[in-house]
Engineer: 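Quick one: structure below, then a few questions.
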Amino acid sequence: MVSANSAYADNEKKKDTTTAKVHSPKKATLLSLAPGAGQIYNKKYWKLPIVYAGFGVTGYFAFWNRDEYIKYNKAYICLDQEGDECTNPLAEKYDLNDLETLKDYYRRNMELSFILMGAWYVLQMLDATVDAHLYYWNVDENLSVRVAPVIQQPGMRLPPPGAPSPVPNHNGLQITVSF
């Protein structure tokens, strides 16, 4: 009969051998839904300032352009509805066409900034996923890439008149990958 302690020890040994920690790209992708968490999971801490700087810059421009859009939109509405009785300082400074142009300019920049922020979000998720896929990638001494120029001259014998050259003259690059 097997004692309870030895059965517990056998189970612990089985757990240790069967639960090897695997770096999961799926988990990195799910974690990257929170910006930067996928990079932390991949142990690429140096990427965190880049991720947050991208969100900070695009967010700053998105909200600054939004504030400017609101200001010029209010001035445009005021001048359009009230005419000469409008007391908005921007409406006194610009005419209706200029206000419409400025309003559209800031709206377009605001929308572009939010689109860039969304693209940055997707890019940081993609970075975490690809980095997790390449987590076990090993670059060692056996991996090499060699680039060399290739210059081939045609044969010394000239072909008969009108016949194509047996070896065409060509130049290029030869890329050799060894692993």
Side-chain angles (χ1 to χ4, degrees), residues 21-140 143-151 169-179:
K21 190 166 183 162
V22 177
H23 201 78
S24 169
K26 183 177 180 180
K27 187 173 182 182
T29 304
L30 290 175
L31 284 171
S32 68
L33 291 173
Q39 284 75 15
I40 292 171
Y41 176 72
N42 292 330
K43 295 182 174 67
K44 301 289 180 157
Y45 305 109
W46 63 272
K47 292 182 180 181
L48 285 176
I50 297 169
V51 168
Y52 287 116
F55 282 115
V57 168
T58 56
Y60 172 78
F61 283 114
F63 288 106
W64 183 79
N65 282 305
R66 179 183 168 272
D67 292 342
E68 293 297 308
Y69 166 72
I70 290 171
K71 283 192 318 191
Y72 284 101
N73 190 38
K74 284 181 181 178
Y76 176 79
I77 291 171
C78 180
L79 189 61
D80 188 38
Q81 292 177 354
E82 297 177 18
D84 292 336
E85 298 173 9
C86 180
T87 58
N88 188 311
L90 290 173
E92 294 172 357
K93 186 176 180 181
Y94 298 106
D95 67 353
L96 197 61
N97 289 333
D98 291 340
L99 285 172
E100 183 178 18
T101 302
L102 288 166
K103 173 183 70 121
D104 290 343
Y105 171 78
Y106 286 114
R107 189 197 74 233
R108 184 181 67 240
N109 287 345
M110 172 190 64
E111 291 171 352
L112 181 62
S113 297
F114 279 115
I115 289 169
L116 288 175
M117 187 184 301
W120 187 255
Y121 181 76
V122 170
L123 186 65
Q124 69 89 26
M125 288 180 68
L126 185 64
D127 172 67
T129 303
V130 170
D131 210 10
H133 275 287
L134 299 176
Y135 190 77
Y136 294 112
W137 182 264
N138 187 12
V139 178
D140 57 7
L143 179 65
S144 66
V145 175
R146 196 178 78 181
V147 179
V150 174
I151 302 173
N169 187 15
H170 66 276
N171 302 325
L173 288 176
Q174 178 181 0
I175 300 173
T176 307
V177 179
S178 303
F179 49 94

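Values in this document were obtained by computation on a predicted structure and should not be read as measured data.
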Engineer: How many angstroms lie between atom CG of L79 and atom NZ of K74, to the nearest 0.5 angstrom?
Structural biologist: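 One gets 16.0 Å once the value is rounded to the nearest 0.5 Å.
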Engineer: Mind checking whether F63 and F114 have parallel, tilted or perpendicular rings, split at 30° and 60°?
Structural biologist: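 Rings of F63 and F114: perpendicular, over 60°.
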Engineer: Which atoms form the tightest heavy-atom contact between A91 and L99, and what is the distance?
Structural biologist: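 Nearest pair, atom of A91 first, then L99: CA-CD1, 4.0 Å.
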Engineer: Assess whether side-chain contact (heavy atoms from CB on, under 4.5 Å) is satisfied between H23 and Y41, documenting all intermediate values.
Structural biologist: CA-CA 9 Å; H23 201 78; Y41 176 72; 3.5 Å; yes
Engineer: Does E111 pair with R108 as a salt bridge, N-O distance under 4.0 Å?
Structural biologist: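 Salt bridge: no.
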Engineer: Distance check, rounded to the nearest 0.5 Å: I70 atom CD1 versus R107 atom CZ?
Structural biologist: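 Rounded to the nearest 0.5 Å, the CD1-CZ separation comes to 13.5 Å.
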Engineer: Please check if the side chain of N73 supplies one atom and the backbone of Y69 the other of a donor-acceptor pair under 3.5 Å.
Structural biologist: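 Flag not set: sc N73 to bb Y69 has no pair under 3.5 Å.
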Engineer: Keeping E100 on the side-chain end and Y76 on the backbone end, is there a donor-acceptor pair under 3.5 Å?
Structural biologist: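 Answer holds: no.
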Engineer: As an exercise, state the distance from CG of L96 to CG of D80, rounded to the nearest 0.5 Å.
Structural biologist: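 Atom-to-atom, L96:CG and D80:CG are 5.5 Å apart.
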Engineer: Between atom OG1 of T58 and atom CD1 of I115, what is the distance when rounded to the nearest 0.5 Å?
Structural biologist: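 CD1 of I115 is found 12.0 Å from OG1 of T58.
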Engineer: Can a donor-acceptor pair be found, under 3.5 Å and without considering hydrogens, that links the side chain of Y52 to the backbone of P35?
Structural biologist: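 Such a contact is found between Y52 side chain and P35 backbone.
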Engineer: How many angstroms lie between atom CG of N42 and atom NE2 of H133, to the nearest 0.5 angstrom?
Structural biologist: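 That separation rounds to 10.5 Å.
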Engineer: Would you name the heavy atoms of L33 and M125 that are closest together and state the gap between them?
Structural biologist: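 The pair with the smallest heavy-atom distance is CD2-CE, 3.6 Å.
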Engineer: So does D84 have more than 12 non-hydrogen atoms from other groups sitting under 6.0 Å from CG?
Structural biologist: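 Not buried by this count: 12 neighbours or fewer within 6.0 Å.
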Engineer: Consider only side-chain N and O atoms of D127 and Q39, and report whether a donor and an acceptor are under 3.5 Å apart.
Structural biologist: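 Note: D127 and Q39 side chains meet the donor-acceptor criterion.
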Engineer: Using every non-hydrogen atom in the two residues, find where A128 and S32 come nearest and quote the distance to one decimal.
Structural biologist: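 For A128 and S32, the tightest heavy-atom pair comes out as CB-CB, 3.8 Å.
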Engineer: Does atom CZ of F61 have more than 12 heavy-atom neighbours, drawn from other residues, nucleotides or ligands, at distances under 6.0 Å?
Structural biologist: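 Open: at most 12 neighbouring heavy atoms sit under 6.0 Å from CZ of F61.
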Engineer: Assign the ring pair Y72 / Y106 to parallel, tilted or perpendicular, where the plane angle (0 to 90°) is split at 30° and 60°.
Structural biologist: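 Y72 and Y106: parallel rings.
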Engineer: Using a 6.0 Å cut-off, check whether atom CZ of R66 has over 12 heavy atoms from anything other than its own residue.
Structural biologist: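 No, because the 6.0 Å sphere around CZ of R66 holds 12 heavy atoms or fewer from other groups.
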Engineer: Are there over 12 heavy-atom neighbours, none belonging to K27, within less than 6.0 Å of that residue's NZ?
Structural biologist: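 Not more than 12 within 6.0 Å, no.
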Engineer: Between atom CG of L90 and atom CD of E68, what is the distance when rounded to the nearest 0.5 Å?
Structural biologist: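 Those atoms lie 8.5 Å apart.
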Engineer: Apply side-chain contact (heavy atoms from CB on, under 4.5 Å) to residues M117 and Y121 and explain how you reach the verdict.
Structural biologist: CA-CA 6 Å; M117 187 184 301; Y121 181 76; 6.0 Å; no
Engineer: For P25 versus A132, what's the shortest heavy-atom pair and its separation?
Structural biologist: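 Heavy atoms only, the tightest pair is CA-CB, 3.5 Å.
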Engineer: For the pair W137 and D131, evaluate side-chain contact (heavy atoms from CB on, under 4.5 Å) and give the outcome as yes or no after the intermediate values.
Structural biologist: CA-CA 10 Å; W137 182 264; D131 210 10; over 6 Å; no
Engineer: Considering non-hydrogen atoms only, spot the tightest contact between N88 and C78 and give its length.
Structural biologist: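 That closest heavy-atom pairing would be CB-SG, 4.2 Å.
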